[in-house]
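Predicted model only: the values in this text are computed from it and were never measured.
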Amino acid sequence: LESVGVKVRWIDTHSIEIIPPSKLSISSINKDVAQKIRSFTFVGAFIHYGNNFKFPHSGGCKMGERTIASHKYALEYLGVTTHTKENYYAISHTKLHTGTIPLYESSDTGAITALVASARIKGTTVIKFAPPNYQVQDVCFLLEKMGVQIDGIGTSTLTVHGKENININLEHHNSEDPIESMFFLSAAIVTKSKLTVTRCPIDFLELELEKLKRMGLMYKLSKTYFAHNGRTKLVDITVSPSKLIAPHDKIHTQPFPGINNDNLPFFVPICTLSVGQTLIHDWTWENRAIYFTELNRLGADIKLLDPHRALVTGVKKLRGAQIVSPPALRPTAIILIAMLAAEGTSLLRNVYSIKRGYADIAERLNALGAKITVIKGV
């Protein structure tokens with residue numbers, strides 16, 4: 001954002017001030033950064049600052065085919081053309097207009113791109129098959145503060161009443177991250193710890209907890225309270241040491257309100273130390289389930305049945321080992337979690353992917369009793 005002219009200033013550890021310029025310098029975008037993250041979502045905003053521009057290819061976790069189809073086709077309904085070139089996307093439009101967008105797939109970021117793009121197009125745009133996941137709802141809350149009326153928040157059909165000009169000073173609190181909550185819940189379960197995880201967005205964890213309850217997890221919930229945004233329902237979750245048994249059916253993801261795509265991997269270390277066999281069906285990506293088998297280096301028993309299914313047979317204990325992080329955030333996170341539960345010392349190398357998603361994770365785990373040393377250059 002800074003590379004295209006946006007002023008960004010950290011106010012404190014958890015707050016930033018963002019001031020957009022009157023004109024973006026899109027051609028100056030930092031390509032190295034853009035190619036490491038799911039940056040195409042910015043195109044939904046950038047189309048309002050230029051009729052014809054180049055945008056670097058997006059990056060992110062390497063887990064198989066991850067196209068921009070849901071973004072590209074959504075923008076087509078608003079008058080935007082996207083051509084894929086060897087090293088960039090060519091984005092162009094003559095006049096933006098409203099429309100009815102059937103999302104090509106139930107993509108969180110695809111829905112967000114459509115929301116941001118349509119927010120500044122005067123008139124009514126309807127987005128169908130939008131996943132009502134926490135990220136999508138959070139963007140809706142922000143746009144509402146900007147004066148954009150959105151009907152259907154929390155459902156799969158969003159009606160956006162766009163405003164051509166948005167110029168308002170505002171303060172916005174992002175909602176808490178259920179994936180962050182699930183990380184610590186999984187770590188507590190496999191290390192047989194009693195732990196309270198605070199400020200958990202319960203609406204986006206309830207099904208995960210139901211699965212764990214049926215596996216034998218003992219936990220308690222506090223009374224419900226609201227996040228700083230006044231919209232997201234939070235609870236504190238206290239888990240206790242439990243003997244878990246594999247579920248009688250498979251564990252798989254679905255668009256919200258199913259088990260979250262990013263939460264599915266956290267069941268792998270849990271099932272690794274549960275009694276029985278669990279079928280993990282990761283239908284979304286072709287390559288992520290392959291990374292689950294990295295836990296075998298720690299003594300797990302995980303068989304890859306095909307690119308989307310892994311059969312996890314519970315073992316009594318794990319042992320320390322050296323592992324090179326896969327180029328994906330959640331698979332690396334579950335390796336770290338399994339290492340916490342393993343006997344002896346483990347070494348996790350090339351941890352860029354986990355640092356990209358979890359700030360100061362070693363320090364935070366150490367504060368809970370872990371013994372993690374960050375080694376530079378290893």
Colleague: What do the steps show when you test Val239 against Val197 for side-chain contact (heavy atoms from CB on, under 4.5 Å), and what is the final call?
Modeller: CA-CA 8 Å; Val239 296; Val197 184; 6.0 Å; no
Colleague: Show, in sequence, the C-alpha distance, side-chain angles and deciding distance for Glu76 and Lys72, and conclude whether the salt bridge (Lys or Arg N to Asp or Glu O under 4.0 Å) test is met.
Modeller: CA-CA 6 Å; Glu76 275 186 8; Lys72 174 183 176 180; 5.1 Å; no
Colleague: Checking salt bridge (Lys or Arg N to Asp or Glu O under 4.0 Å) for the pair Glu208/Lys211: CA distance, chi angles, key distance, verdict?
Modeller: CA-CA 5 Å; Glu208 284 84 341; Lys211 295 287 185 182; over 6 Å; no
Colleague: Should we say atom NZ of Lys145 is surrounded by more than 12 heavy atoms from elsewhere, each under 6.0 Å from it?
Modeller: yes
Colleague: Do the charged groups of Glu180 and Arg364 touch, with an N to O distance under 4.0 Å?
Modeller: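 Looking at Arg364 together with Glu180, the answer is yes, because their closest N to O distance falls below 4.0 Å.
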Colleague: Starting at CD1 of Ile337, measure out to OG1 of Thr191 and round the result to the nearest 0.5 Å.
Modeller: 9.5 Å
Colleague: Inspect the surroundings of CG in Asn167 and state if more than 12 heavy atoms from other residues, nucleotides or ligands are less than 6.0 Å away.
Modeller: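 No, because the 6.0 Å sphere around CG of Asn167 holds 12 heavy atoms or fewer from other groups.
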Colleague: In Å, rounded to the nearest 0.5 Å, how long is the span from SG of Cys271 to CG of Leu311?
Modeller: 10.5 Å
Colleague: So, for Leu318 and Ala300, which heavy atoms are closest and what is the spacing to 0.1 Å?
Modeller: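 So the minimum-distance heavy-atom pair works out to CD2-N, 3.7 Å.
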Colleague: Would you say Asn296 and Thr293 are linked by a side-chain donor-acceptor pair, where the criterion is simply a distance under 3.5 Å?
Modeller: no
Colleague: Can you confirm whether Val324 sits close enough to Glu294 that some side-chain heavy atom of one is under 4.5 Å from a side-chain heavy atom of the other?
Modeller: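 No, too far: nothing below the 4.5 Å cut-off.
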Colleague: List in chain and number order the residues that pass salt bridge (charged side-chain N to carboxylate O under 4.0 Å, His left out) with Asp32, two or more places apart in sequence or in another chain; answer none if no residue qualifies.
Modeller: none
Colleague: So which atom in Ser118 and which in Leu78 form the shortest heavy-atom distance, rounded to 0.1 Å?
Modeller: N-CD1, 4.2 Å
Colleague: With no hydrogens and no angle check, just 3.5 Å: does a side-chain donor-acceptor pair link Ser325 and Ser353?
Modeller: no
Colleague: Quick one, Leu170 and Leu142 - any side-chain contact, counting heavy atoms below 4.5 Å?
Modeller: yes
Colleague: Start with the C-alpha gap between Glu144 and Arg231, add the side-chain angles, then the distance that decides, and say whether salt bridge (Lys or Arg N to Asp or Glu O under 4.0 Å) holds.
Modeller: CA-CA 12 Å; Glu144 282 187 321; Arg231 311 281 286 272; 3.0 Å; yes
Colleague: Rounded to the nearest 0.5 Å, what separation is found between the CG atom of Leu1 and the CD1 atom of Ile19?
Modeller: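 The CG atom of Leu1 sits 13.0 Å away from the CD1 atom of Ile19.
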Colleague: Is there a side-chain contact between Leu365 and Phe183 in this structure, where contact means two heavy atoms from C-beta onward sitting under 4.5 Å apart?
Modeller: yes
Colleague: Would you say Val315 ends up clustered with Ile189 if hydrophobic residues are merged whenever their side chains have heavy atoms under 4.5 Å apart, either directly or through other cluster members?
Modeller: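 Linked within one cluster.
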Colleague: A side-chain contact here means heavy atoms from C-beta on lying under 4.5 Å apart; do His161 and Thr124 qualify?
Modeller: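 Side chain of His161 against side chain of Thr124, heavy atoms only: contact under 4.5 Å found.
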Colleague: Do Leu143 and Met146 come close enough that some side-chain heavy atom pair is under 4.5 Å?
Modeller: yes
Colleague: Give the cluster check for Leu207 versus Phe267: same hydrophobic cluster or not, with ILVMFWY residues linked at side-chain heavy-atom distances below 4.5 Å.
Modeller: yes
Colleague: Taking atom CD1 of Ile245 as the centre, report whether more than 12 heavy atoms of other residues, nucleotides or ligands fall under 6.0 Å from it.
Modeller: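 No, the 6.0 Å shell around CD1 holds no more than 12 heavy atoms from other groups.
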Colleague: Could you check whether the rings of Phe204 and Phe256 sit parallel, tilted or perpendicular, using 30° and 60° as the cut-offs?
Modeller: tilted
Colleague: Would you say that more than 12 heavy atoms from the other residues, nucleotides or ligands in this model lie under 6.0 Å from the CZ of Phe42, or not?
Modeller: no
Colleague: Quick check: do Phe46 and Ile29 have side-chain heavy atoms less than 4.5 Å from each other?
Modeller: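 Yes - at least one pair of side-chain heavy atoms lies under 4.5 Å apart.
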Colleague: Quick check: closest heavy atoms across Thr232 and Pro201, and the distance to 0.1 Å?
Modeller: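 Thr232 and Pro201 have their closest heavy atoms at CG2-CB, 3.8 Å.
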Colleague: How long is the straight-line distance from CG of Leu273 back to CG of Leu295, given to the nearest 0.5 Å?
Modeller: 9.0 Å
Colleague: Using a 6.0 Å cut-off, check whether atom CG of Asn169 has over 12 heavy atoms from anything other than its own residue.
Modeller: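 Not buried by this count: 12 neighbours or fewer within 6.0 Å.
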Colleague: Decide yes or no on side-chain contact (heavy atoms from CB on, under 4.5 Å) for Val116 and Thr41, but give the supporting numbers first.
Modeller: CA-CA 9 Å; Val116 172; Thr41 301; 5.6 Å; no
Colleague: Using 0.5 Å steps for rounding, measure from the CD atom of Gln137 to the CD1 atom of Ile112.
Modeller: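 Going from the CD atom of Gln137 to the CD1 atom of Ile112 covers 11.0 Å.
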Colleague: We want to know whether Asp177 and Tyr134 form a side-chain donor-acceptor pair, criterion being a heavy-atom distance below 3.5 angstrom.
Modeller: yes
Colleague: Do the non-hydrogen side-chain atoms of Leu368 and Phe184 ever get within less than 4.5 Å of each other?
Modeller: yes
Colleague: Roughly how far, to the nearest 0.5 Å, is the CD1 atom of Ile251 from the CG atom of Asp282?
Modeller: 12.0 Å
Colleague: If you measure only the distance, is there a donor-acceptor pair under 3.5 Å linking the side chains of Thr253 and Asn261?
Modeller: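 Side-chain D/A pair, Thr253 to Asn261: present.
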Colleague: With the side chain counted from C-beta on, respond yes when Cys200 and Leu221 share a heavy-atom pair under 4.5 Å apart, and no when they do not.
Modeller: no
Colleague: For Phe40, which residues count as a ring pair (Phe, Tyr, Trp, His ring centres under 6.0 Å) partner, sequence neighbours excluded?
Modeller: His71, Tyr89
Colleague: Per the ring pair (Phe, Tyr, Trp, His ring centres under 6.0 Å) rule, what does the pair list look like for residues 215-246, sequence neighbours excluded?
Modeller: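 Matches after skipping sequence neighbours: His173-His228.
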Colleague: Give a yes or no on whether Phe53 atom CZ has more than 12 heavy-atom contacts from other residues, nucleotides or ligands under 6.0 Å away.
Modeller: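 It does: Phe53 CZ has more than 12 such atoms within range.
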